[in-house]
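See structure below.
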Amino acid sequence: MNSLKELKKLAKGQVEGPLCRMALLGDTATQLLATALRGEAVARGQHIELFEAEYNQVERQFLDPTSELYLFEADIVVVFQSTHKWGEQHSQLPTDRQELLAVERLDFVRAICEHPHFASRKIIYFNYPEIEDTVFGSYANKVCASFSYQVRKFNYELMNLARQYPNLFVCDLVGLQNKLGRDMMFAPNVYVSTEMVLSVDALPYVASRVMDVVCAIRGQFRKCLILDLDNTLWGGVIGDDGLEGIQLGHGLGIGKAFTEFQMWVKKLRQRGIIICVASKNNEETAREPFEKHPDMVLRLDDIAVFQANWETKVDNIRTIQQILNIGFDAMVFLDDNPFERSMVRENIPGITVPELPEDPGEYLEYLYGLNLFETASYSTADRDRTKQYQVEARRVSLAKTFTSEADFLKSLDMTSEVSGFTKFNTPRVAQLSQRSNQFNLRTVRYTEADVAAMAADPDVVDLSFTLEDKFGDNGLIAVVIMKRRDAETLFVDTWFMSCRVLKRGMENFTLNTMVDCARQRGYRRIVGEYLPTPKNKMVEGHYPSLGFTKVEDAATAQFELDVESYQARACYIKVKA
């Protein structure tokens, strides 16, 4: 964790990449929080332009359409209304009004989310860490008008609001205070002289938690956990100690720490995080605990890619990356050995390698504090991800048995269901819009409301694609949005695709479908655009490779395709009946 002093230095730096305009509104002093946010953004490679509103102007900035907030046109608005200021308001109200404190604040948050100007923007709202004022003691839990009751009620209902409004995200300051402690988060001597409710020591942690959410919203997040085995997933060395000798179990002792660590990993897998193994071991020996040990929580079905051999961890992680087709910056590697951690850090730029404590009993508390797997979306489809990548590993193995790529692709018996946006696939389309980074030509992010609006627009061609083969169903893996530019031209506003289906001809199948739709609607040209980001370099030559010609004198990299003369490109994917 960077100190505030280090963040101040970082805040002076510059970052390339797509700009995100972010506004910070607070009812207490936020100058140092703004500085910490700027520094943390630079540390994470996020190009942020930050507007900090004047002190204690939250309501005015939102309710006055001539305010600086409206003029700034923020993509993300961060709102920090403190427990302290709210407590002052509570103390000045009669008892019957105190009972309405949470409801009135919830109505304000709801009004922000529903306001036409902010409905398409992301709102990050801090929840309220508790102040134990001991006016009622523990009996406060029975008194609706007590401040403790109102704070807890608000925090609970704020979670429900966030479920209701896709543009609302909760920054969990409560969880942070639970981890760090109120005495660390709040310095009374600083507050009385500066109106700053966050201590200097707490600011880096708060800025980091805010940027966790911002990065997830912008598609920068980790989605793969790679595990060592010996003394990481269990105690001892399976090759030396044998199945009965490794330490696992629910009783007392260090085995309990490893079992609870596996429980955490299991929950990550259930959430959709890809779990992989990279171990220096004989494969048969390494698999034995997963298959036979009665206290193992994780089983082979939980592991997407299992690499156990005598290659280096670096080589095995690179193999995993090739199979998964995700960036190294989306990966976390956990290993108890400091040497292995150092080797991976030095040789695989971008991968996250936490410095695990020496005591396995401290693994979980340490990892909880890192918040490694923040996300901005979740769906039931995420839970099937492990199986999909297990199947992909089988495809990779099969491909090695063919001398001809065409013969391999034919053998897959691939089919794709092509559809517009429906109430069934809209959540998945929006989620992929938020998550897709590498194969994404323009990296435009859309909410579910945006997707639904485009589905109803007659000037928009909305296409979603699934892919299924003899190994299984990959689900929805590609989306194209084309918008009418003029009577003869369609502009490709969005084209993104899951990297796990690359090199199967899906690009050709998608383009053939796009051209067919354009012809049916009487368009003569399709114009595509490539907007570079730090992550989508792989599609820089996408349009030229598909036969598009460069549009000269365009302000950005644009390419056009003549619909009338287009000849369908070869592929081995059939339209699903």
Does the pair [X]/[Y] count as a salt bridge with the N-to-O cut at 4.0 Å?
| X | Y | result |
| --- | --- | --- |
| D212 | R44 | yes |
| E365 | K179 | yes |
| D329 | K535 | yes |
| E540 | K537 | yes |

Can you tell me if [X] uses its side chain to pair, donor with acceptor, with the backbone of [Y] under 3.5 Å?
| X | Y | result |
| --- | --- | --- |
| N127 | N155 | no |
| T30 | L33 | no |
| N440 | S436 | yes |
| R222 | F373 | no |
| Q307 | N316 | no |
| Y368 | Y363 | no |
| Q262 | L298 | yes |
| T232 | L229 | no |
| S91 | E88 | yes |
| D107 | E104 | no |

For the atom pair [atom1] ([X]) and [atom2] ([Y]), what is the distance rounded to the nearest 0.5 Å?
| X | Y | atom1 | atom2 | result |
| --- | --- | --- | --- | --- |
| Q81 | K85 | CD | NZ | 12.0 Å |
| M331 | T352 | CE | OG1 | 11.0 Å |
| L19 | D75 | CG | CG | 7.0 Å |
| D302 | C276 | CG | SG | 12.0 Å |
| N167 | I112 | CG | CD1 | 10.0 Å |

Using a 4.5 Å cut-off on heavy atoms from C-beta on, say whether the side chain of [Y] contacts that of [X].
| X | Y | answer |
| --- | --- | --- |
| F261 | L367 | yes |
| F439 | H542 | yes |
| F328 | P349 | no |
| D336 | P360 | no |
| P129 | R182 | no |
| V344 | D335 | no |
| L7 | P204 | yes |
| K122 | V213 | no |

For the side chain to side chain donor-acceptor pair (under 3.5 Å) test, which of T556, D493, T533 pairs with R442? D493

Go through the steps for L101 and F147 under the test side-chain contact (heavy atoms from CB on, under 4.5 Å), then give the verdict. CA-CA 9 Å; L101 194 72; F147 189 52; 4.0 Å; yes

Which residues pass the salt bridge (charged side-chain N to carboxylate O under 4.0 Å, His left out) test with E355, not counting sequence neighbours? R341, R345

Is it the case that [X] and [Y] place a side-chain donor and acceptor less than 3.5 Å from each other?
| X | Y | answer |
| --- | --- | --- |
| Q431 | R428 | yes |
| Y543 | Q558 | no |
| R435 | T375 | yes |

Quick check: are there more than 12 heavy atoms from other residues, nucleotides or ligands sitting under 6.0 Å from CE of M343? no

For Q164, I'd like to know if atom CD has over 12 heavy atoms of other residues, nucleotides or ligands within 6.0 Å. yes

Under the criterion side-chain contact (heavy atoms from CB on, under 4.5 Å), I'd like the reasoning laid out for I320 against I323: C-alpha separation, chi angles, the key distance, then a yes or no. CA-CA 5 Å; I320 290 170; I323 293 172; 5.9 Å; no

Decide yes or no on side-chain contact (heavy atoms from CB on, under 4.5 Å) for V297 and E260, but give the supporting numbers first. CA-CA 9 Å; V297 177; E260 292 188 352; over 6 Å; no

Please say whether the positively charged group of R21, taken as NZ for Lys or CZ for Arg, lies over the ring of F72, i.e. under 6.0 angstrom from the six-membered ring centre and within 45 degrees of the axis. yes

Partner of D64 under side chain to side chain contact (heavy atoms under 4.5 Å, CB included), picked from R60, E68, Q61, is R60

